[in-house]
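Here is the structure we will look at.
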Amino acid sequence: MKHIIISGFLFLNLFSYLHAQNIISGVVGDTRGNPVFGANVYLHGTYDGATTLEDGSFIFSSSQTGTVALVVSYLSYREYRREGTPNEFVNINITLREDLNSLDAVVISAGTFNAGEKARVSVLKPLDIVTTAGSAGDIIAALQTLPGTQNVGESGRLFVRGGDAGETQTFVDGLRVPQPYTASVQNLPSRGRFSPFLFSGISFSTGGYSAEYGDALSSVLLLETRDRVEEEKTEISLMSVGISLGHIEKWDKRSLNINTSYINLAPYQVLVPENLDWNKAYESLAGEAIYRQEFKNGLWKVYTAFDAAEFDFNRENIDTALSQNVKLKNKNFYLNTSYRGTIWNNWQLFTGISQGHSENLTSLDERNIENQENAFHFKANLGKRISNGVRLVGGIDYFRTGFEEVYSAAPSPISTSGFNLQQFAAFAEADVLFSRNLAAKVGLRYSYYDEMEEAGISPRISAAYRINENAQLSAAMGKFVQSPGQDYLKFTSDICTEEASHFILNFQYQKERRLLRAEIFQKDYSNLIKFETGSPGFNNNGSAYARGLDLFWRDDKTIKNLEYWFSYSFIDTKRDYRDYREKVTPYFVAPHSASLVTKYWVQAWRSQMGFSYNYSAGRPFNDPNTTQFMSGRTKDFNNLSFNWAYLLSSQKILYFSVSNVLGHKNIFGYEYAGTRDLNGNFRSRAITPTADRFFFVGFFWTLSDNKASNQLENL
């Protein structure tokens with residue numbers, strides 16, 4: 001009898017429980033009427049829910065009462081949300097609409113290479129920037145393995161698609177860097193100033209870039225510092241060229257990175273003599289710091305860097321039997337602070353300022369050239385996604401650059417030159433996703449240069465169409481302007497901005513860690529600066545064109561543990577600028593360039609080994625002993641580099657690299673005497689690398705609680 005009473009009581013409770021449940025059911029489909037299988041259906045804020053079956057149906061029960069929110073989510077579709085009482089959600093039909101911003105949507109890729117954590121299609125990983133053999137941790141050297149760039153070894157700077165190095169602008173967190181390269185002198189290469197491991201993303205545009213950026217005829221390099229750090233650690237580096245120390249401190253919503261380095265090539269040059277007669281080898285002291293502060297709706301960052309460097313050497317003087325003494329002292333400081341966050345009604349705000357200061361003292365025998373540059377940039381943008389397929393952004397830029405130079409050569413009087421240039425710019429741009437297969441970006445940029453009292457509008461447009469899930473076509477075109485360089489503005493303001501027009505067509509195929517890019521381009525220049533040799537007058541009568549083909553292939557899958565990429569560029573370009581007598585191919589352009597970069601992980605040796613091979617066809621130079629202008633050609637450039645990173649333990653790495661393994665005698669060009677010799681000829685000497693090979697050995701030690709953390713990504 002007792003068991004009967006208990007069983008009856010449980011039955012009544014179960015009946016009561018089931019009776020209190022609400023049955024929620026329905027069918028989920030797409031806009032074409034097809035069922036959506038695997039969609040997640042649930043009541044917001046509860047564990048009540050189910051997954052749709054193959055026919056799109058679902059059913060589940062809930063004890064919730066009152067007003068609730070029914071949510072349906074599925075990858076590549078916009079989230080469905082409907083409020084009501086549970087008894088309203090019976091046998092309902094739900095239609096999901098495509099999310100145009102989903103990961104498999106088309107991406108505009110014409111003219112742009114992306115690398116880093118946030119890139120949807122990344123041609124380079126963060127590690128690639130610093131583990132490419134021959135790059136020696138230099139961002140610029142790693143980018144020179146991509147198509148569209150030129151290998152100009154005597155400069156070390158970025159030359160893009162027939163453009164001079166001054167036609168590329170560098171930005172950190174959206175703010176301009178006025179002095180992105182280390183100071184140097186003619187025919188001695190410089191490096192990028194920034195440590196690559198401080199950045200989470202790199203976007204390198206070889207043309208057709210956004211209206212958000214201006215004052216660059218050829219290219220922009222966008223570097224984005226990390227928003228947050230994952231762990232505290234200390235990094236110690238002992239190198240054949242110097243030492244460095246870095247530390248990361250992390251708090252709840254704040255973090256701080258500090259890096260310092262001291263480089264002195266004197267000990268290295270004792271062991272490995274170079275082709276220069278050094279009186280004082282290159283020596284530098286540098287440091288960088290990043291501070292981050294998270295707020296409820298935004299992130300504030302401060303980035304600052306400084307370095308001081310000097311060197312002294314004797315160089316062969318082609319005009320006399322005596323060598324020429326060359327000295328350089330440089331100090332550089334850069335500060336960048338920015339805020340990015342959400343304000344009223346989901347508007348995205350970005351604002352920041354940057355300040356760069358550089359001092360150079362260059363001595364050539366008894367002649368001294370002392371200059372300093374102060375450059376300021378203010379920027380503010382507002383953006384908002386006004387619908388699933390449309391995003392608008394607009395903003396303003398203000399640039400101010402002051403430059404002063406003093407030239408002295410006793411007994412001649414001291415001469416001074418300089419300029420103060422202010423530029424105001426405003427831009428507006430719209431990103432439109434017509435579907436997951438078709439997208440466009442349309443923008444306008446207005447610029448005003450006070451020094452030249454000149455204003456202009458630069459339209460930009462780009463679009464992309466997805467052919468299938470692996471392939472797409474992109475195109476871009478636009479107008480770009482740039483102020484004349486300091487070499488001209490310091491003498492006169494009676495000149496105009498230089499102009500270029502870009503036309504780009506791009507094909508991209510990506511599947512299973514393999515990527516193919518093919519791009520053709522056309523650039524037309526106008527208003528380039530020209531002058532007569534020995535004349536103080538400048539004009540804007542110069543012009544140029546550049547057209548060609550870039551190919552890029554990356555494969556991280558075919559062979560286990562092997563990653564490699566191959567790039568090839570063909571360019572046909574001629575320009576009439578500076579003191580050129582006619583329109584010819586400039587000295588910094590090789591018609592054919594190619595690079596092959598490989599990285600292989602050997603588990604048994606706990607090692608990563610890599611080879612890089614760079615090739616460039618001969619570049620033109622002007623031989624005054626002939627009547628034809630710029631008719632000479634150097635021999636082809638070849639360079640095979642090798643590196644090896646060996647894990648002594650999980651946090652200790654021994655690293656070795658060597659450039660030009662095969663010892664090619666590369667020649668960058670020729671320098672000619674200013675007067676004829678007794679035989680009536682202009683004597684010449686070859687411009688060669690400062691060293692046939694460069695060896696590097698380093699020991700890198702990481703101290704952190706995470707015993708898997710090491711500096712492999714820094715090498």
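Position 1 is the first residue of the sequence, and the numbers go up from there.
- Side-chain contact between Gln423 and Tyr448 is absent, with no heavy-atom pair separated by less than 4.5 Å.
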Tyr587 vs Phe621, ring pair (Phe, Tyr, Trp, His ring centres under 6.0 Å): CA-CA, chis, key distance, verdict: CA-CA 6 Å; Tyr587 74 94; Phe621 64 92; over 10 Å; no
Trace of the side chain to side chain donor-acceptor pair (under 3.5 Å) decision for Asn279 with Asn314: CA-CA 7 Å; Asn279 298 313; Asn314 299 319; 3.1 Å; yes
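- The two residues Asp450 and Leu421 make their nearest non-hydrogen contact at OD1-C, 3.8 Å.
- A donor-acceptor pair under 3.5 Å is formed between the side chain of Ser631 and the backbone N or O of Gln628.
- For CG of Leu285, the number of neighbouring non-hydrogen atoms (other residues, nucleotides, ligands) closer than 6.0 Å is greater than 12.
- Between Tyr209 and the choices Phe204, Phe427, Phe171, Phe480, the ring pair (Phe, Tyr, Trp, His ring centres under 6.0 Å) rule is met once, by Phe480.
- Under the 4.5 Å side-chain criterion, counting only non-hydrogen atoms from C-beta, Glu582 is in contact with Phe629.
- For CD of Glu453, the number of neighbouring non-hydrogen atoms (other residues, nucleotides, ligands) closer than 6.0 Å is 12 at most.
- For the pair Asp576 (side chain) and Lys583 (backbone), a donor-acceptor distance under 3.5 Å is absent.
- In this structure, Asp365 contributes its side chain and Asn325 its backbone to a donor-acceptor pair below 3.5 Å.
- In the model, Asn614 has a side-chain atom that pairs as donor or acceptor with a side-chain atom of Ser595 under 3.5 Å.
- Side-chain contact between Thr337 and Tyr303: absent, with no pair of heavy atoms (C-beta onward) separated by less than 4.5 Å.
- In this structure, Lys331 places its NZ atom where only 12 or fewer heavy-atom neighbours from other residues, nucleotides or ligands lie under 6.0 Å away.
- Using the six-membered ring where Trp is involved, Tyr577 and Tyr580 have ring planes that are perpendicular, over 60° apart on the 30 and 60° scheme.
- For the residue pair Thr497 / Glu454, a side-chain donor-acceptor distance below 3.5 Å is found, with atom types taken as modelled.
- Under the 3.5 Å distance criterion, with hydrogens and angles disregarded, no donor-acceptor pair is assigned to the side chains of Gln422 and Asn420.
- With respect to the salt-bridge test (charged N to carboxylate O, under 4.0 angstrom), the residues Arg683 and Glu671 do not qualify.
- A donor-acceptor pair is defined here as one N or O able to donate and one able to accept, closer than 3.5 Å; such a pair exists between the side chain of Lys523 and the backbone of Arg161.
- Side-chain N or O atoms of Thr573 include one that pairs as donor or acceptor with a backbone N or O of Tyr545 at under 3.5 Å.
- Residues Phe682 and Ile318 have side chains not in contact (no heavy-atom distance under 4.5 Å, counting atoms from C-beta outward).
- Between Asn336 and Tyr334, the closest side-chain pair of non-hydrogen atoms falls below 4.5 Å.
- In summary, the side chains of Asp173 and Ser338 do not present any donor paired with an acceptor at a separation below 3.5 Å, with no hydrogens or angles considered.
- A pairwise comparison of heavy atoms in Asp494 and Thr492 identifies N-OG1, 2.9 Å as the closest pair.
- Ring to ring, Phe399 and His377 are close: their centroids are under 6.0 angstrom apart.
- The distance from the CZ atom of Phe376 to the CZ atom of Arg400 is 6.5 Å, given to the nearest 0.5 Å.
- For the atom pair CZ (Arg547) and CD1 (Ile571), the distance works out to 10.5 Å, reported to the nearest 0.5 Å.
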Check against side chain to side chain contact (heavy atoms under 4.5 Å, CB included), Leu223 and Thr170: CA-CA 8 Å; Leu223 306 174; Thr170 301; 4.3 Å; yes
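- Atoms CG and CH2, from Leu265 and Trp278 in turn, are 7.0 Å apart once rounded to the nearest 0.5 Å.
- The minimum heavy-atom distance between Asn264 and Glu283, with the atom names listed, is ND2-OE2, 3.8 Å.
- Asn317 contributes atom CG, which lies 8.5 Å from atom CZ of Arg685 (distance to the nearest 0.5 angstrom).
- Screening Val220, Asp397, Asn381 against Glu212 for a side chain to side chain contact (heavy atoms under 4.5 Å, CB included) leaves a single residue, Asn381.
- Atom CD of Glu359 is separated from atom CG of Asn330 by 8.5 Å, given to the nearest 0.5 angstrom.
- Judged purely by distance below 3.5 Å, without hydrogens or angles, the side chains of Ser501 and Asp524 never pair a donor atom with an acceptor atom.
- Side-chain rings of Tyr268 and Phe694 approach one another, their centers coming within less than 6.0 Å.
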Verdict with reasoning, Tyr339 to Trp300, per ring pair (Phe, Tyr, Trp, His ring centres under 6.0 Å): CA-CA 4 Å; Tyr339 176 82; Trp300 174 49; 8.8 Å; no
Stepwise side chain to side chain donor-acceptor pair (under 3.5 Å) test for Glu167 and Tyr525: CA-CA 12 Å; Glu167 297 177 16; Tyr525 290 88; 2.8 Å; yes
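- Considering only heavy atoms from C-beta on, Lys379 stays 4.5 Å or farther from Ser354 through its side chain.
- No more than 12 heavy atoms of other residues, nucleotides or ligands lie within 6.0 Å of NZ in Lys329, so this atom counts as exposed by the packing criterion.
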Steps toward ring pair (Phe, Tyr, Trp, His ring centres under 6.0 Å) verdict (Phe588, Phe159): CA-CA 8 Å; Phe588 51 81; Phe159 292 74; 5.2 Å; yes
Stepwise side chain to side chain donor-acceptor pair (under 3.5 Å) check, Glu429 with Ser210: CA-CA 8 Å; Glu429 197 164 62; Ser210 162; 2.8 Å; yes
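- Side-chain atoms of Ile495 and Tyr488, non-hydrogen and from C-beta on, do get closer than 4.5 Å to each other.
- Annotation: Phe538 is in aromatic contact with Phe531 [ring centroid separation under 6.0 Å].
- Taking the six-membered ring for Trp, Phe424 and Tyr398 have ring centres at least 6.0 Å apart.
- With values rounded to the nearest 0.5 angstrom, Lys327 atom NZ is found 11.0 Å from Leu364 atom CG.
- Listed for the Glu404 side chain is no donor-acceptor partner under 3.5 Å among the backbone atoms of Ser417.
- A distance-only check finds a donor-acceptor pair linking the side chain of Ser190 to the backbone of Ser155 [under 3.5 Å].
- No salt bridge links Asp579 with Lys530; every basic N to acidic carboxylate O contact stays at or beyond 4.0 Å.
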Test log, rule side chain to side chain donor-acceptor pair (under 3.5 Å), inputs Gln144 and Asn151: CA-CA 7 Å; Gln144 286 172 343; Asn151 187 349; 5.5 Å; no
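- The two atoms that bring Thr182 and Arg157 nearest to each other are O-NH2, 4.2 Å, heavy atoms only.
- What you find for Gly162 and Ala546 is that their closest heavy atoms are CA-CB, 4.5 Å.
- Between Glu288 and Asn257, every side-chain heavy-atom pair lies at or beyond the 4.5 Å cut-off.
- No hydrogens or angles considered: a donor-acceptor pair under 3.5 Å links the side chains of Ser244 and Ser237.
- Closest heavy-atom contact between Gly674 and Asp319: N-OD1, 2.6 Å.
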